[in-house]
Amino acid sequence: MNKKELARLIDGREYGYEPFQDIRQVAKEAGLVIVSGASDDLMEFDGVIYAEGDCYKGGKVFFDMKGLSHGTSERANCIEALWCDESALDENGNVITWTYKTDIPHETFMIYDDGEPYCRGIVFDLADVK
């Protein structure tokens with residue numbers, strides 16, 4: 001499975017506890033990482049990296065093959081979480097609660113909360129990080 005196939009597979013899921021538990025092993029075996037938001041303060045990594053980054057109402061999480069660091073740039077890769085960014089709209093003009101910016105090549109997918117856009121998450125291949 002590649003990042004595009006995984007993003008298509010998980011696109012449209014509902015927000016909830018452990019939303020990727022059923023696909024975690026497949027993502028691990030493929031070397032893929034799923035990034036999504038939780039509550040108002042977490043960037044969740046699932047798949048080959050399983051961790052949480054603190055980003056209360058937005059912020060940056062830095063990481064590398066050895067792990068995450070919060071708020072400092074001591075790791076080689078960065079994902080910026082955007083909270084309720086007015087420029088992050090779905091196809092109907094609704095603001096998406098969580099979106100992400102990164103230079104890492106990735107695919108996107110949507111998570112909904114009671115049918116409303118909640119998170120435009122990303123999937124990337126661990127081989128593409130520094």
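Computed from a prediction, not measured in an experiment: that's the story for all the values here.
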Query raised in the report: What distance do Ile96 atom CD1 and Ile111 atom CD1 have between them, rounded to the nearest 0.5 Å?
Result: 11.5 Å

Query raised in the report: Going by heavy atoms in the side chains, are Leu89 and Val95 under 4.5 Å from each other?
Result: yes

Requested in this report: Begin with the C-alpha distance, continue with both residues' side-chain angles, and end with the deciding distance and a verdict on salt bridge (charged side-chain N to carboxylate O under 4.0 Å, His left out) for Glu18 and Arg24.
Outcome: CA-CA 10 Å; Glu18 297 270 347; Arg24 183 174 299 136; 2.3 Å; yes

Query raised in the report: Around atom CG of Asp90, are there more than 12 heavy atoms of other residues, nucleotides or ligands at under 6.0 Å?
Result: yes

Query raised in the report: Yes or no on ring-ring contact (aromatic ring centres under 6.0 Å, His included) for Tyr100 and Phe45, after CA distance, side-chain angles and deciding distance?
Result: CA-CA 13 Å; Tyr100 302 94; Phe45 290 70; 8.8 Å; no

Query raised in the report: Hey, is the main chain of Tyr15 close enough, under 3.5 Å, to the side chain of Asp113 for a donor-acceptor pair?
Result: no

Report task. Check Arg120 against Thr108 and note the closest heavy-atom contact, atom names and distance. Result -> CG-CB, 3.9 Å

Query - Side-chain heavy atoms of His106 within contact of Val33, under 4.5 Å - result: no

Query - Non-hydrogen side-chain atoms of Val123 and Phe109 separated by less than 4.5 Å - result: yes

**Report entry** Pair Ile79-Phe62, side chain to side chain contact (heavy atoms under 4.5 Å, CB included): steps then yes or no
**Finding:** CA-CA 7 Å; Ile79 299 175; Phe62 296 87; over 6 Å; no

Requested in this report: Indicate yes or no: at least one non-hydrogen side-chain atom of Trp98 is less than 4.5 angstrom from one of Cys55.
Outcome: yes

Query raised in the report: Are the side chains of Ile122 and Glu107 in touch, meaning some heavy atoms are under 4.5 Å apart?
Result: no

**Report entry** Heavy-atom closest contact (Thr99 atom, Ala88 atom, distance)
**Finding:** CG2-CB, 3.5 Å

Requested in this report: Test side chain to side chain contact (heavy atoms under 4.5 Å, CB included) on Leu82 and Lys101 and set out the steps.
Outcome: CA-CA 8 Å; Leu82 304 173; Lys101 283 185 183 179; 3.8 Å; yes

Query raised in the report: Any chance the rings of Tyr112 and Tyr118 have centres within less than 6.0 Å?
Result: no

Query - Note, Cys119 side chain near Met110 side chain (heavy atom, < 4.5 Å) - result: no

Query raised in the report: Side-chain contact, heavy-atom cut-off 4.5 Å: Arg13 with Asp22?
Result: yes

Query raised in the report: With a 4.5 Å limit on heavy-atom distance, are the side chains of Asn2 and Asp125 in contact?
Result: no

Query raised in the report: About how many Å separate CG of Asp85 and OG1 of Thr97, when rounded to the nearest 0.5 Å?
Result: 11.5 Å

Query raised in the report: Which atoms form the tightest heavy-atom contact between Met43 and Gly59, and what is the distance?
Result: CE-O, 4.5 Å

Query raised in the report: Looking only at heavy atoms, which two atoms of Gly115 and Glu14 are closest? And how far apart?
Result: N-OE2, 3.4 Å

Query raised in the report: Shortest non-hydrogen contact from Gly53 to Val61?
Result: CA-CG2, 3.9 Å

Query raised in the report: Under 4.5 Å between side-chain heavy atoms, hopping through other hydrophobics if needed: is there a path connecting Met1 to Ile10?
Result: yes

